[in-house]
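In this text, all values refer to a predicted model and were calculated from it rather than measured experimentally. Order of the sequence lines sets the chain letters (A, B, ...), proteins ahead of strands, with each chain counted from 1.
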Amino acid sequence: MLTLVLPDGATREVPYGTLPREVVGSIGPRLLLAAIAVAVDGEVQDLQTPLRKGGKFVVITEKDPRALDVLRHSGAHILATAVRRLRPDAKIGFGPAIEGGFYYDFEVAKPFTPDDLEAFEKEMAKVAAEKLPFVREEVSQAVAKQRFVDDPLKLERLEDFEGTDEIISTYTDGPFVDLCRGPHVPDTSYLKHFKLLSAAGAYWRGDEKRQMLQRIYATAFFKKDELDAHLHQMEEAKRRDHRVVGKQLDLFHFFPVAPGAAFWTPRGTTLYNTIQDFVQERQRDAFIEVKTPLLYTKKLWEQSGHWGKYKENMFLVLNNETDEHDMSLKPMNCPSHHLFFASHKHSYRELPMRYVTFDVLHRNELSGALSGLTRVRQFAQDDCHVYLREDQIADEVKFLMDFILGYYDAFGLTATLKFATRPPERIGSDELWDRAEAALRAALEATGRPYEMKEGDGAFYGPKIDFDVTDSIGRQWQLGTIQLDYNAPERFDLEYVGEDNAAHRPVVIHRAVSGSFERFIAILIEHFAGAFPVWLSPEQVRVLPIADDLAPQAEEIAKRMRAAGIRATYDQRNETLNYRIREAETMKVPYMAVVGRREAEAGTLAVRARGAAGKKQDIVSIDAFIARVTEEIRTRALTATGAEG
RNA sequence: GCUGACGUAGCUCAAUUGGCAGAGCACCUGAUUUGUAAUCAGGCGGUUGCGAGUUCGAUUCUCGCCGUCAGCUCCA
């Protein structure tokens with residue numbers, strides 16, 4: 001007998017192998033209708049999978065977030081059912097639920113077209129309407145092999161079960177059978193609100209050496225408004241796309257002759273420099289800024305370990321002297337900082353020493369991986385390497401963490417922390433890794449902040465804390481990082497002189513805040529949808545004279561603003577005021593300052609804040625306005641006075 | 001890199017089965033002198049990404065190259 005504990009504390013004794021369906025039905029027939037699946041001690045299983053253990057028994061209905069994964073996983077099967085009906089030659093791969101939806105991989109002779117997707121979507125609606133029950137069967141290896149005799153990918157998966165005592169199960173809906181662990185919704189009619197999103201190639205088991213399958217991405221929800229909201233969110237993300245907004249606001253370009261390397265326009269350069277200035281200002285006291293060469297011989301990369309582990313991603317340069325590609329553009333700043341540190345004797349009193357550099361880095365990303373500013377081949381980091389004593393790790397991690405979180409705060413971004421441990425491909429002994437992971441984890445724990453684990457996701461030289469930032473429409477981006485490195489000091493033979501007058505090995509921490517400026521700016525563009533706060537705006541005020549004869553005053557006013565440190569322009573073109581306002585709005589200029597005859601005589605401005613259409617005019621003196629804007633810039637206010645939210 | 005889609009004026013997009021490459025915006029000129037999101041008129045603007053091929057004829061069909069986009073961890 002198994003003991004089930006219901007949420008209200010009541011217990012049920014049921015025989016081993018009882019179906020959850022029976023238990024739920026006995027609690028209430030209406031609950032059975034609403035049930036999607038159940039969870040036993042937190043483990044989700046469907047209503048037709050026999051109970052094999054007792055524990056806390058929770059009925060999962062639509063309201064439970066875990067129900068969505070079940071629905072989506074079933075959606076994947078329904079997709080495969082539809083595809084098989086229309087393309088019987090399709091071999092099935094995997095079809096899991098993923099964050100935001102689900103996909104299914106197929107091996108087909110001819111890739112899918114958008115027309116195919118439309119047909120599949122219609123067929124899925126039919127399958128759903130047929131209300132086919134999902135039938136679970138637990139089968140032997142031999143029976144399973146029989147069942148998937150025409151599906152080589154499934155047979156390959158079955159081989160993994162050889163010699164294990166795992167239960168092999170299949171799920172059938174109508175004509176379609178899939179090797180599947182479950183859980184599933186009771187029948188296909190549960191899938192009501194779904195949409196096929198895209199099709200693209202995907203390697204079998206993510207391995208580029210294996211054949212390429214065709215993956216169809218889709219999403220599904222229980223309620224129509226949730227699906228609509230999801231699709232709307234995708235539209236919103238598209239509207240904010242930094243590649244589109246960057247063009248509208250004239251911030252950067254790409255040219256085919258420099259794939260993956262941005263050309264920054266005057267406006268984009270202003271934005272870029274403003275952000276870099278901000279970092280530099282924040283780092284003025286506790287950091288040491290240096291500039292280092294871009295090009296190095298391979299000797300340095302051999303010493304750092306990059307030549308062995310990272311060569312594929314480096315741009316190698318032909319050395320005329322040796323006639324070999326034995327030089328490389330730097331993909332990272334760390335080795336040059338190590339050279340700096342090693343160039344002098346250091347006392348323990350000097351530590352921690354924090355070197356920072358904003359140099360350009362080059363990484364040879366796969367051509368297919370390039371994407372706008374978020375994945376580029378040339379970029380700059382706000383890169384810092386800290387040299388410190390082992391006993392300083394906890395304090396330093398806290399210091400860096402506060403620095404990083406404070407920085408994001410200035411942009412209205414919030415971060416969550418991820419702790420990443422040793423990856424399979426790595427340098428350094430296990431003893432060093434043990435020490436590094438223990439030290440970093442202890443420092444992280446000491447800050448008292450919550451964090452998530454990312455096992456095996458560390459850098460090749462050490463464990464790290466990643467900062468994942470959430471933007472204004474809820475998307476997550478990995479930005480900052482704190483990486484602990486015991487290997488580099490060994491490789492570069494770094495030393496400091498301790499209190500005992502003996503040489504000691506320092507520890508290195510790699511730290512980035514923005515990740516790369518390129519990607520950070522892309523994120524800011526999308527975060528603010530191009531409507532930057534005043535301090536970041538490439539153009540902060542646009543002065544608009546109402547008629548030609550007021551142009552000299554407008555120019556004079558713009559000059560006064562510039563003298564006060566405001567990025568001000570004036571637009572005296574022979575166009576209507578409406579036209580010029582529209583253009584300033586389109587360019588997301590935070591303030592428009594209109595000068596008419598009344599204002600010119602009184603020394604005032606009629607100020608219109610961006611996005612404040614229909615609001616009553618704000619008549620202020622020029623001096624008061626300058627004071628207000630300079631104050632907003634100084635404090636780096638996130639919302640302008642009187643502007644949209 | 002691989003799979004697929006796409007590439008037409010500075011930008012956003014048209015161009016029936018292969019048959020004279022177009023529009024709006026931007027830009028220039030002129031008129032208008034403008035009070036809070038597009039004044040009117042005229043004009044300039046193209047090796048249809050690059051290179052081959054098929055054809056009487058290619059933006060359109062075929063091949064190669066370049067670039068852009070989606071995807072290539074999310075495990076039956």
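- A distance of about 12 Å separates the P atoms of B:A9 and B:A14, rounded to the whole Å.
- A donor and an acceptor atom, one from each side chain of A:E156 and A:W204, are located under 3.5 Å apart.
- Checked by atom type, the side-chain pair A:Y570/A:Q553 shows no donor-acceptor distance below 3.5 Å.
- Atom CZ in A:R243 sits about 16 Å away from atom P in B:C11, given to the nearest Å.
- When each of B:C11, B:A37, B:G67 is scored by its nearest atom to the side-chain atoms of A:K247, the top-ranked nucleotide is B:C11.
- Base pairing annotation: B:C50 forms a Watson-Crick or G-U wobble pair with B:G64, both donor-acceptor distances under 3.5 Å.
- Not a single donor-acceptor pair, N or O on each side, falls under 3.5 Å between the base of B:G1 and the side chain of A:E312.
- Following rounding to the nearest Å, A:Q214 (CD) and B:A5 (P) show an atom-to-atom distance of 10 Å.
- Using a 4.0 Å heavy-atom criterion, one finds that A:G372 contacts the sugar-phosphate atoms exclusively.
- Taking CE of A:M453 as the reference point, atom OG1 of A:T421 lies at 5.0 Å (rounded to 0.5 Å).
- The pairing partner recorded for B:G57 is none, the criterion being a Watson-Crick or G-U wobble arrangement whose two distances lie under 3.5 angstrom.
- Nearest-nucleotide positions on RNA chain B for A:S169 and A:P114 put A:P114 closer to the 5' end.
- Under 3.5 Å, the side chain of A:D548 and the base of B:U33 form at least one donor-acceptor pair of N or O atoms.
- Regarding A:E455, its CD atom lies at a distance of 16 Å from the C1' atom of B:U73, rounded to whole Å.
- A ring-centre distance under 6.0 Å is not found for A:Y104 and A:Y217.
- Listed nucleotides B:U34, B:U36, B:A26 differ in distance to A:Y579; the shortest reach to its side chain belongs to B:A26.
- Spacing of C1' atoms, B:G19 relative to B:A58, comes out at 10 Å, to the nearest Å.
- Counting to the nearest Å, the P atom of B:G35 and the CG atom of A:L605 are 18 Å from each other.
- Spacing between B:U55 and B:U62 at atom C1', rounded to whole Å, works out to 12 Å.
- Aromatic pair A:H306/A:F460: centroids less than 6.0 angstrom apart.
- Pair assignment for B:G22 gives B:C13, based on Watson-Crick or G-U wobble hydrogen-bonding distances that are each under 3.5 Å.
- Residue A:N578 places at least one side-chain N or O under 4.0 Å from the OP1 or OP2 atom of B:A38.
- B:U3 atom P lies 19 Å from atom CG of A:D116, rounded to whole Å.
- OP1 and OP2 of B:A37 both lie 4.0 Å or more from every side-chain N or O belonging to A:T586.
- Here B:G35 sits opposite no nucleotide as a Watson-Crick or G-U wobble pair (both hydrogen-bonding atom distances under 3.5 Å).
- Comparing the C1' positions of B:G18 and B:G24 gives a spacing of 28 Å, expressed to the nearest Å.
- For B:G1, the paired nucleotide is B:C72, the pair qualifying as Watson-Crick or G-U wobble because both relevant distances are below 3.5 Å.
- Residue contacts for A:A369: at a heavy-atom cut-off of 4.0 Å it reaches a base atom on one of the strands shown.
- Not a single donor-acceptor pair, N or O on each side, falls under 3.5 Å between the base of B:G71 and the side chain of A:Y203.
- Under 3.5 Å, the side chain of A:R608 and the base of B:A37 form at least one donor-acceptor pair of N or O atoms.
- Comparing B:G35, B:A37, B:C69 by their closest approach to the side chain of A:I581 singles out B:A37.
- When the C1' atom is compared between B:U60 and B:U48, the two are found 10 Å apart, to the nearest whole Å.
- Summarising the geometry, the separation between CG on A:L370 and P on B:C72 is reported as 15 Å, rounded to the nearest angstrom.
- As judged by a 4.0 angstrom heavy-atom cut-off over every strand, A:I92 is placed among residues making no nucleic acid contact.
- Counting to the nearest Å, the C1' atom of B:U39 and the CZ atom of A:R580 are 12 Å from each other.
- Comparing B:U36, B:A70, B:C75 against the side chain of A:V594 picks out B:U36 as the nearest.
- Aromatic ring centres of A:F102 and A:H73 lie farther apart than the 6.0 Å criterion allows.
- Nearest to the side chain of A:R573, among B:G71, B:C27, B:C75, sits B:C27.
- Of the candidate nucleotides B:A38, B:G1, B:C75, B:A38 has the atom lying nearest to any side-chain atom of A:R582.
- Dense packing is recorded around NZ of A:K309, with more than 12 heavy atoms of other residues, nucleotides or ligands lying under 6.0 Å away.
- Within 4.0 Å of A:R205, counting heavy atoms only, lies no atom of the nucleic acid at all.
- Residues A:T569 and A:E539 bring a donor and an acceptor atom of their side chains to less than 3.5 Å of each other.
- Annotation: A:Y171 is in aromatic contact with A:H184 [ring centroid separation under 6.0 Å].
- Comparing B:G1 with B:G64, their P atoms are spaced 15 Å from each other, to the whole Å.
- Nucleotides B:U39 and B:C25 place their C1' atoms 16 Å apart, quoted to the nearest Å.
- The same atom, P, is picked in B:G49 and in B:U36; the two are 45 Å apart, to the nearest Å.
- In this structure, of B:C72, B:C74, B:A38, it is B:C74 that holds the atom nearest to the side chain of A:I98.
- Residue-to-nucleotide proximity on RNA chain B shows that, of A:A547 and A:E585, the 5′-proximal contact is made by A:A547.
- B:C75 atom P lies 14 Å from atom CD of A:E166, rounded to whole Å.
- Side-chain atoms of A:Y217 lie closest to B:G71 of the nucleotides B:G71, B:U39, B:C74.
- When heavy atoms are screened at a 4.0 angstrom cut-off, A:E365 is found touching no nucleic acid atom at all.
- In this structure, B:G42 and B:C28 make a Watson-Crick or G-U wobble pair, each of the two defining distances being under 3.5 angstrom.
- Closest to the A:M212 side chain, of the nucleotides B:A26, B:U34, B:U3, is B:U3.
- Across all strands, A:T170 comes closer than 4.0 Å to no nucleic acid atom at all (heavy-atom distances).
- When each of B:A70, B:U36, B:G67 is scored by its nearest atom to the side-chain atoms of A:S198, the top-ranked nucleotide is B:A70.
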